[in-house]
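What follows is one structure encoded as structure tokens, with my remarks underneath.
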Amino acid sequence: MCSSDLVLADMVDLATRDAADAEWEALLARSARDSVEQEPIEVAEMRARAALRAGRPDVARAALEQALRLSARIPNLLEARVRALLPQA
């Protein structure tokens with residue numbers, strides 16, 4: 001697998017278990033370096049969704065804000081979906 005695919009595979013792993021904040025931070029850093037196209041936005045969004053499921057709205061809001069900052073500079077189709085999730089955080 002290429003490095004961007006590994007980021008996505010690790011994202012799924014973290015999203016399907018109770019991953020530590022440090023694991024998410026490391027993945028977000030890898031995504032900033034290795035991901036392509038809109039993938040960094042997806043990783044931040046998935047971090048937010050995992051935080052919401054864990055009952056951590058403060059972490060979710062921070063991740064959604066990061067996703068929106070990325071959306072402002074990366075062409076994507078995800079911004080509306082990220083914005084729609086904000087009221088839950």
Residue list, salt bridge (Lys or Arg N to Asp or Glu O under 4.0 Å) with [X], at least two apart or on another chain:
X     : result
Glu25 : none
Glu37 : none
Arg33 : none

Point to revise | All pairs passing salt bridge (charged side-chain N to carboxylate O under 4.0 Å, His left out) where residues 76-89 contributes a residue, at least two apart | key: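 Every salt bridge (charged side-chain N to carboxylate O under 4.0 Å, His left out) pair that includes a residue of residues 76-89, provided the two are not neighbours, is Glu45-Arg81, Glu79-Arg83.
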
For Val12, does its backbone N or O pair with a side-chain atom of Thr16 as donor and acceptor, under 3.5 Å?
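The answer is yes, because a donor-acceptor pair under 3.5 Å joins these two groups.
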
- [ ] Would you confirm whether Asn76, through its side chain, and Ile74, through its main-chain N or O, come within 3.5 Å as a donor-acceptor pair?
- [x]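 Checking the backbone N and O of Ile74 against the side chain of Asn76, a donor-acceptor pair under 3.5 Å is found.
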
Results of side chain to side chain donor-acceptor pair (under 3.5 Å) for [X] - residues two or more places apart only:
X     : answer
Asp10 : Arg30
Gln88 : none
Arg53 : none

Q. Nearest 0.5 Å, what's the CD-CG distance between Glu39 and Leu8?
A.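 Answer for the CD-CG pair, Glu39 versus Leu8, is 4.0 Å.
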
- Query: Could you state the interatomic distance from CD1 (Ile41) to CE (Met46), rounded to the nearest 0.5 Å?
  - Reply: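 Those atoms lie 13.5 Å apart.
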
Fellow cluster residues of [X], listed by chain then number, with links counted only when side-chain atoms sit under 4.5 Å apart:
X     : value
Val59 : none
Leu6  : Met1
Leu77 : none

### Query
Take atom CG in Asp58; do more than 12 heavy atoms of anything else shown fall under 6.0 Å from it?
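Yes, enclosed.
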
**Prompt:** Looking only at heavy atoms, what is the nearest atom pair of Ala89 and Ala60, with distance?
**Reply:**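 Closest approach of Ala89 to Ala60, heavy atoms only: CB-CB, 4.1 Å.
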
Nearest heavy-atom neighbours spanning Trp24 and Ala50: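 Nearest heavy atoms, Trp24 then Ala50: CZ2-CB, 3.9 Å.
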
Would you tabulate the side-chain donor-acceptor contacts of residues 61-73 under 3.5 Å, counting partners in other chains and residues two or more places apart, or write 'none'?
unit_1	atom_1	unit_2	atom_2	d
Arg61	NH2	Leu86	O	3.4
Ser71	OG	Ala67	O	2.9

Can you name the residues that form a side-chain contact (heavy atoms from CB on, under 4.5 Å) with Asp13, not counting sequence neighbours?
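Checked Asp13 against side-chain contact (heavy atoms from CB on, under 4.5 Å); matches are Arg17.
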
Can Leu52 be reached from Leu78 by stepping across I, L, V, M, F, W or Y side chains whose heavy atoms are under 4.5 Å apart?
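Yes, one cluster joins them.
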
